[in-house]
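First up is the structure itself, then whatever we jot down about it.
Atoms within a ligand are numbered from 1 in the order they appear, just like the ligands themselves. Residue numbers count from 1 along this sequence.
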Amino acid sequence: MSSPTTKGIKNPRARHGFRGRTCSIASVGSYVPERVLTNADLEKMVDTSDDWITSRTGIKERRIAASDEYTSDMAAKAALRAMKKGGILPEQIDLVIVATITPDMPFPATACLVQQKIGAFRSAAFDIEAACSGFIYAMEIGQQFITSHTYDTVLVIGAEKLSSIIDWTDRNTCVLFGDGAGAAILQSRANAHGLLTACMGADGSKADLLSMPGGGCRCPATAESVASRLHYLRMEGKETFKSAVNAMYTAAQESLRRCELDITRIKCIIPHQANQRIIEAVSERLEAKPDQVFVNLDKYGNTSAASVAIALDEAVESGRIQRGDLILLIVFGAGLTWAAAVIEW
Ligand code: ACO
């Protein structure tokens with residue numbers, strides 16, 4: 001029987017000294033489309049400048065999917081890469097969860113389309129929607145299936161084609177977002193704590209800060225809704241910024257507290273890649289050192305549910321994360337939603 005504090009780490013999921021089955025990330029993978037849209041390109045599209053975008057956000061370029069490349073295509077490519085790295089066969093996958101706000105279509109679930117594309121014919125499949133927080137929400141759901149012994153292998157994907165819901169005439173939003181996908185395969189691993197904890201939260205009273213008003217049952221597509229540009233993402237940047245810093249800091253602190261960890265024990269912090277100034281504000285409040293924080297938003301902008309998944313894959317590939325390291329993921333998104341997770345890699 002494993003102690004709840006093996007390797008000097010408190011496992012908050014442990015009960016009465018019995019830890020039970022844990023859930024680890026067996027492998028990760030990511031995919032970004034080929035086309036690069038630079039700040040210089042955006043200067044030709046809207047009244048903006050490389051200087052404004054760089055100094056206010058830290059973003060230099062983002063990837064844009066081809067017109068015939070959909071969220072399910074990017075999700076499948078990220079998943080296949082994670083499966084190859086982990087030596088996982090399609091028939092081993094019990095469940096596919098896709099986190100996205102840009103599904104191929106309202107239904108069926110994008111996860112079902114991914115299931116076909118990767119050949120995981122034995123699996124169950126569904127989508128979840130928690131905007132930029134979706135990847136941690138999905139991992140936490142997947143974790144429950146593993147630790148309860150319901151499934152052995154769960155594929156979790158964050159994937160977005162945000163370029164399809166961006167108003168390319170609105171400089172307030174079009175400079176911020178990009179397309180891509182990241183995937184993680186969850187399994188139980190002997191002698192590893194894996195996903196130690198995830199603190200998730202939401203505040204629906206702030207739903208209007210960041211939304212796409214058209215396309216749902218409240219405002220189905222009509223000629224008027226299209227003319228009023230209701231099928232594009234809308235955001236109140238300043239308020240979203242403030243809420244993001246507070247929620248990310250609070251969730252991170254709570255997840256560290258649950259594991260009785262000091263920030264100095266964390267090898268790598270992977271925050272949602274929305275804005276360099278948000279990342280710096282949260283890091284400063286956590287008293288994290290800059291070299292603890294992983295940033296790649298200069299290359300991809302905000303890819304919503306794919307953001308921390310892509311960053312996690314890049315951090316692993318670059319050697320920033322080694323087996324046994326403690327990592328902290330922190331996310332924030334529309335809803336409003338937020339989450340932080342502590343993982344023993
Ligand atoms: N280029 C040039 N000027 C611009 C641009 C642009 N691309 N965008 C806005 N401006 C102008 C504004 O019009 C404004 O001009 P004004 O003073 O004449 O009105 C000025 O720049 C300042 O605008 P602010 O909104 O005050 O700029 P701010 O410093 O707040 O930065 C930003 C804006 C980058 C959007 C920031 O507020 C932000 O990052 N917010 C958080 C967004 C976020 O993290 N979303 C996460 C969730 S996303 C999801 O869940 C899908």
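- Among all non-hydrogen protein atoms, the one lying nearest atom 1 (N) of ligand 1 is T48 OG1, 2.6 Å.
- For ligand 1 and G333, the ligand atoms under 4.0 Å from any heavy atom of the residue are 50 (O).
- Checked by distance only, ligand 1 and F177 stay at 3.5 Å or farther apart across all their nitrogen or oxygen atoms.
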- Message: What verdict does the side chain to side chain donor-acceptor pair (under 3.5 Å) test give for T38 and D41, after you've listed the backbone C-alpha separation in whole Å, the side-chain angles of each residue and the deciding distance to 0.1 Å?
- Response: CA-CA 5 Å; T38 65; D41 295 328; 3.1 Å; yes

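- For a threshold of 3.5 Å applied to N or O pairs, the pair formed by H272 and ligand 1 contains no separation below that value.
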- Message: Please determine whether side chain to side chain contact (heavy atoms under 4.5 Å, CB included) holds for the pair R63 and V36, giving the CA-CA distance in whole Å, both sets of side-chain angles, and the decisive distance to 0.1 Å.
- Response: CA-CA 5 Å; R63 299 300 180 99; V36 176; 3.5 Å; yes

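- With respect to D313 and K85, a salt bridge is recorded, a charged nitrogen being found less than 4.0 Å from a carboxylate O.
- The ligand atoms of ligand 1 that sit less than 4.0 angstrom from a heavy atom of A274 are 44 (O).
- Contacts of I278 with ligand 1, taken as heavy-atom pairs under 4.0 Å, involve the side chain alone.
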- Criterion side chain to side chain donor-acceptor pair (under 3.5 Å) on D51 and S49, from CA distance to verdict: CA-CA 5 Å; D51 186 48; S49 66; 5.2 Å; no

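- Across E236, R171, Q276, heavy-atom proximity to atom 11 (C) of ligand 1 is greatest for R171.
- The part of N302 lying near ligand 1 is the side chain, judged by heavy-atom distances below 4.0 Å.
- The aromatic rings of F126 and F145 sit tilted, their planes meeting at an angle between 30° and 60°.
- Just one of E314, Q273, K60 meets the side-chain hydrogen bond (donor to acceptor under 3.5 Å, both in side chains) condition when paired with Y300; it is E314.
- Among the atoms of T57, none of the N or O lies under 3.5 angstrom from an N or O of ligand 1.
- Checking atom 14 (C) of ligand 1 against the protein gives no heavy-atom contact under 4.0 Å.
- Within 6.0 Å of CZ in R218 there are 12 or fewer heavy atoms belonging to other residues, nucleotides or ligands.
- The protein does not reach atom 17 (O) of ligand 1 closely, with no heavy atom under 4.0 angstrom from it.
- In terms of protein heavy-atom proximity, atom 41 (C) of ligand 1 is closest to G237 O, 3.7 Å.
- The nearest protein heavy atom to atom 37 (O) of ligand 1 is closer than 4.0 Å.
- The proximity of L210 to ligand 1, defined as any non-hydrogen pair under 4.0 Å, is limited to the side chain.
- In this structure, R62 does not pair ionically with E160, as no charged nitrogen and carboxylate oxygen lie closer than 4.0 Å.
- Shortest contact from atom 50 (O) of ligand 1 to any protein heavy atom: C132 SG, 2.6 Å.
- When non-hydrogen atoms are compared, ligand 1 lies under 4.0 Å from the side chain of V175 (C-beta onward) but not from its backbone.
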- Task: Start with the C-alpha distance between R56 and V175, add both sets of side-chain angles, then the distance that settles side chain to side chain contact (heavy atoms under 4.5 Å, CB included), and finish with yes or no.
- Result: CA-CA 11 Å; R56 297 295 180 111; V175 301; over 6 Å; no

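- Classification of E254 and R257 as a salt-bridged pair holds, one side-chain N sitting under 4.0 Å from a carboxylate O.
- Using a 4.0 Å cut-off between a side-chain N of Lys or Arg and a carboxylate O of Asp or Glu, R21 and D152 qualify as a salt bridge.
- Scanning all protein heavy atoms for the shortest distance to atom 9 (C) of ligand 1 gives N172 OD1, 3.0 Å.
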- Message: Please determine whether side chain to side chain donor-acceptor pair (under 3.5 Å) holds for the pair N246 and R285, giving the CA-CA distance in whole Å, both sets of side-chain angles, and the decisive distance to 0.1 Å.
- Response: CA-CA 9 Å; N246 283 331; R285 285 182 70 181; 2.8 Å; yes

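- Nearest protein heavy-atom neighbour of atom 31 (O) of ligand 1: R277 NH2, 3.4 Å.
- Scanning the protein for heavy atoms near atom 24 (P) of ligand 1, the closest one is K238 NZ, 3.8 Å.
- Nearest non-hydrogen protein atom to atom 10 (N) of ligand 1 is W52 CZ2, 3.4 Å.
- Remark: ligand 1 atoms within the under-4.0 Å shell around heavy atoms of T240 are 43 (C), 45 (N).
- Atom 28 (P) of ligand 1 has its closest protein heavy atom at R56 NH1, 3.5 Å.
- With respect to the salt-bridge test (charged N to carboxylate O, under 4.0 angstrom), the residues R35 and E69 do not qualify.
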